[in-house]
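What follows is a short report on a single structure.
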Amino acid sequence: MPELPEVEILKRQLIQVISGAKILKISILDEKLGPPINLAGRTIISLSRKGKELHIGLDDGNTLLLHLRMTGRLLWQEDSALQLPHTRFSITFSHGRLDLIDPRRFAHFKVEKEPIGSHTEAMDPLNGFSVRLIGETGRKKKLPIKSFLTNQRLIAGIGNIYACEILHAAKLSPLRKTCDLSPRERALLADSATAILSKAIACRGTTVSDWRDLFGQKGEYQDCLKVYGRKGEPCPRCGAAIERLKLAGRGTYFCPACQI
DNA sequence: CCCTATGTTCCCAA
DNA sequence: CTTGGGAACATAGG
């Protein structure tokens with residue numbers, strides 16, 4: 001469920017709440033997440049985001065890697081009595097508890113020794129995303145531009161909702177072949193991605209079903225969506241009816257009149 | 001029962 | 001090798 005803006009919000013809130021804090025206990029309540037681990041006594045020394053993945057650095061050199069996938073969410077609980085259904089792990093601190101809640105159990109969690117170790121760096125749309133990079137990587141790609149945008153090995157963090165919105169802002173059909181984009185179109189695409197993701201972060205994410213931030217609050221960006229989930233409604237830019245098609249198994253919303 | 005869902009991975013076919 | 005389609009993972013909701 002969370003894409004780049006939502007994970008960025010969680011990261012910033014976690015920095016406020018658990019940066020420098022010491023772990024008292026960690027309970028893995030779903031064996032699918034991995035074997036029990038003992039992190040008692042470890043201190044959180046860093047928090048970062050890579051695409052949709054959260055990296056929690058510990059003082060013993062280990063890093064906790066968390067990917068929320070479709071329905072995972074993190075919740076900061078100060079009332080220790082409250083435990084929501086589908087809670088999959090709890091990390092207890094002296095001043096509260098961090099819970100992972102995940103009905104569909106798709107979330108991934110692992111402990112890694114490597115401090116940084118990445119081989120193929122995907123571009124981050126908020127850091128180093130440029131027309132030049134879209135050009136270099138996309139010039140040879142014949143896949144639809146929407147598939148290019150959502151391919152995490154090429155660009156880290158854009159998911160289904162924001163891909164639809166970015167393509168609408170850039171006036172590009174989701175089916176356009178990536179290699180066919182002109183320099184002007186690539187520039188508009190890069191600008192649109194930066195603008196939409198930044199605004200979504202400023203709006204604290206998109207709550208169309210169950211996204212909540214670390215404190216259980218909804219986002220605001222759902223009120224800014226132009227095409228996602230709006231099949232049959234008029235395009236805010238040109239008035240034509242929004243269409244929906246299926247691309248790579250995902251619902252894809254676009255305006256057939258002004259996205260070409 | 002049908003379909004849908006903010007994600008990723010794997011298998012198979014063209 | 002590249003691309004696309006479909007299924008799988010597991011659960012809730014319309």
Side-chain angles (χ1 to χ4, degrees), chain A residues 1-11 29-34 49-54 65-75 84-89 100-110 120 122 125 137-168 174-180 193 196-197 199-201 203-214 217-232 242-254:
Chain A
M1 120 188 125
E3 302 184 29
L4 183 152
E6 288 77 23
V7 180
E8 179 67 21
I9 294 298
L10 287 175
K11 183 201 78 179
L29 298 122
D30 179 1
E31 73 288 341
K32 193 178 173 228
L33 283 177
R49 175 189 64 74
K50 194 175 131 196
K52 304 172 190 172
E53 194 171 54
L54 213 46
L65 304 181
L66 179 63
H67 197 305
L68 298 168
R69 298 286 181 99
M70 286 286 267
T71 54
R73 54 176 288 212
L74 288 174
L75 181 65
L84 268 61
H86 312 304
T87 298
R88 307 302 181 191
F89 76 50
L100 169 70
I101 299 144
D102 184 22
R104 290 173 72 176
R105 303 169 70 205
F106 288 167
H108 275 212
F109 175 66
K110 61 182 174 180
T120 48
T137 314
R139 191 162 307 164
K140 311 178 275 292
K141 302 287 185 187
K142 284 189 271 193
L143 72 171
I145 185 62
K146 188 194 176 209
S147 301
F148 179 79
L149 287 179
T150 54
N151 184 328
Q152 301 302 303
R153 296 199 302 180
L154 304 174
I155 302 171
I158 298 176
N160 201 37
I161 292 180
Y162 295 115
C164 291
E165 295 298 311
I166 289 165
L167 288 169
H168 179 265
L175 298 174
R176 278 285 294 281
K177 283 185 189 177
T178 306
C179 59
D180 287 349
I196 288 196
L197 295 170
K199 186 174 179 193
I201 292 170
C203 293
R204 300 182 343 279
T206 302
T207 303
V208 292
S209 63
D210 48 9
W211 153 252
R212 297 293 187 284
D213 70 11
L214 189 62
Q217 300 296 303
K218 293 183 179 182
E220 307 276 341
Y221 196 77
Q222 62 276 12
D223 299 332
C224 303
L225 296 176
K226 302 283 197 288
V227 289
Y228 183 82
R230 299 191 176 279
K231 180 185 177 184
I242 302 298
E243 286 184 11
R244 176 187 186 275
L245 57 78
K246 204 164 233 191
L247 206 173
R250 320 294 298 174
T252 301
Y253 299 85
F254 67 106

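Letters A, B, ... are given to chains in the order of the sequence lines, protein chains preceding strands, and every chain is numbered from 1.
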Seminar exercise, completed: From CZ of Arg88(A) across to P of dA10(C) the rounded distance in Å is 11 Å

For this session: In whole angstrom, give the distance that lies between atom CG of Asp210(A) and atom C1' of dA5(B).
Result: 9 Å

Problem set entry | Leu4(A) CG to dG7(B) P, straight-line distance once rounded to whole Å | 11 Å

For this session: Round to the nearest Å and state the distance from Ile155(A) atom CD1 to dG7(B) atom P.
Result: 14 Å

Exercise. Counting any heavy atom closer than 4.0 Å, what does Tyr162(A) reach on the DNA or RNA strands: base, sugar-phosphate only, or nothing?
Worked result: nothing

For this session: Indicate, with a heavy-atom threshold strictly under 4.0 Å, whether Gly72(A) touches base, sugar-phosphate, or nothing.
Result: nothing

Exercise. Sequence neighbours excluded, which residues qualify as side chain to side chain donor-acceptor pair (under 3.5 Å) partners of Asp30(A)?
Worked result: Arg105(A)

Seminar exercise, completed: In whole angstroms, the gap separating P of dT4(B) from OH of Tyr228(A) amounts to 12 Å

Exercise. Can you tell me how far P of dA10(C) sits from CG of Asp30(A), to the nearest Å?
Worked result: 10 Å

Problem set entry | For Leu29(A), all residues meeting side chain to side chain contact (heavy atoms under 4.5 Å, CB included), sequence neighbours excluded | Gln83(A), Thr87(A), Ser90(A)

Problem set entry | Base-paired stems in DNA chain B, each at least three Watson-Crick or G-U pairs under 3.5 Å | B:2-5 with C:11-14, B:7-14 with C:2-9

Exercise. Just one of Tyr162(A), Trp211(A), Tyr221(A) clears the side-chain hydrogen bond (donor to acceptor under 3.5 Å, both in side chains) bar with Thr206(A), so which one?
Worked result: Tyr162(A)

For this session: Flag the pair Leu4(A) / Ile158(A) as yes when at least one side-chain heavy-atom distance between them is below 4.5 Å, and no otherwise.
Result: no

Problem set entry | side chain to side chain contact (heavy atoms under 4.5 Å, CB included) involving Gln152(A) - partner list, sequence neighbours excluded | Lys52(A)

Problem set entry | Rounded distance in Å - CD1 (Ile161(A)) to P (dT4(B)) | 16 Å

Every protein N/O lying under 3.5 Å from an N/O of nucleotides 12-14 of chain C:
unit_1	atom_1	unit_2	atom_2	d
dA12(C)	OP1	His86(A)	NE2	3.2

For this session: Please work out if Arg73(A) contacts a base, only the sugar-phosphate, or nothing of the nucleic acid, heavy-atom cut-off 4.0 Å.
Result: nothing

For this session: Considering only atom P, compute the distance from dT8(B) to dC1(C) and round it to an integer number of Å.
Result: 24 Å

Exercise. Considering residues, nucleotides and ligands other than Lys218(A), do more than 12 of their heavy atoms fall under 6.0 Å from its NZ?
Worked result: no

For this session: Applying ring-ring contact (aromatic ring centres under 6.0 Å, His included), name anything that partners Phe106(A), two or more places apart in sequence or on another chain.
Result: none

Problem set entry | Counterpart residues, side chain to side chain contact (heavy atoms under 4.5 Å, CB included), relative to Glu243(A) (two or more places apart) | Phe254(A), Pro256(A)

Scan nucleotides 2-9 of chain C against the protein and return all N/O pairs shorter than 3.5 Å with their distances rounded to 0.1 Å.
unit_1	atom_1	unit_2	atom_2	d
dT3(C)	OP1	Lys142(A)	N	2.7

Show me, pair by pair, the donor-acceptor contacts under 3.5 angstrom made by side chains of residues 66-74 of chain A, not counting sequence neighbours?
unit_1	atom_1	unit_2	atom_2	d
His67(A)	ND1	Arg69(A)	N	3.0
Arg69(A)	NH2	His108(A)	ND1	3.4
Arg69(A)	NH2	His108(A)	NE2	3.3
Thr71(A)	OG1	Asp102(A)	OD1	2.6
Thr71(A)	OG1	Arg104(A)	N	3.2

Problem set entry | Partners meeting side chain to side chain donor-acceptor pair (under 3.5 Å) with Thr178(A) (sequence neighbours left out) | none

Problem set entry | Pairing residues for Tyr253(A) by the ring-ring contact (aromatic ring centres under 6.0 Å, His included) criterion, not counting sequence neighbours | Tyr228(A)

Exercise. Counting only side-chain N and O atoms of Gln152(A), is one of them less than 4.0 Å from OP1 or OP2 of dT8(B)?
Worked result: yes

Exercise. Is there a side-chain polar atom (N or O) of Arg250(A) under 4.0 Å from OP1 or OP2 of dG7(B)?
Worked result: yes

Problem set entry | Whole-angstrom distance between dT4(B) and dG5(C), as gauged at atom P | 15 Å

For this session: Round to the nearest Å and state the distance from Met70(A) atom CE to dT11(C) atom C1'.
Result: 11 Å

Exercise. For Asn151(A), which residues count as a side chain to side chain contact (heavy atoms under 4.5 Å, CB included) partner, sequence neighbours excluded?
Worked result: Arg153(A), Leu154(A)

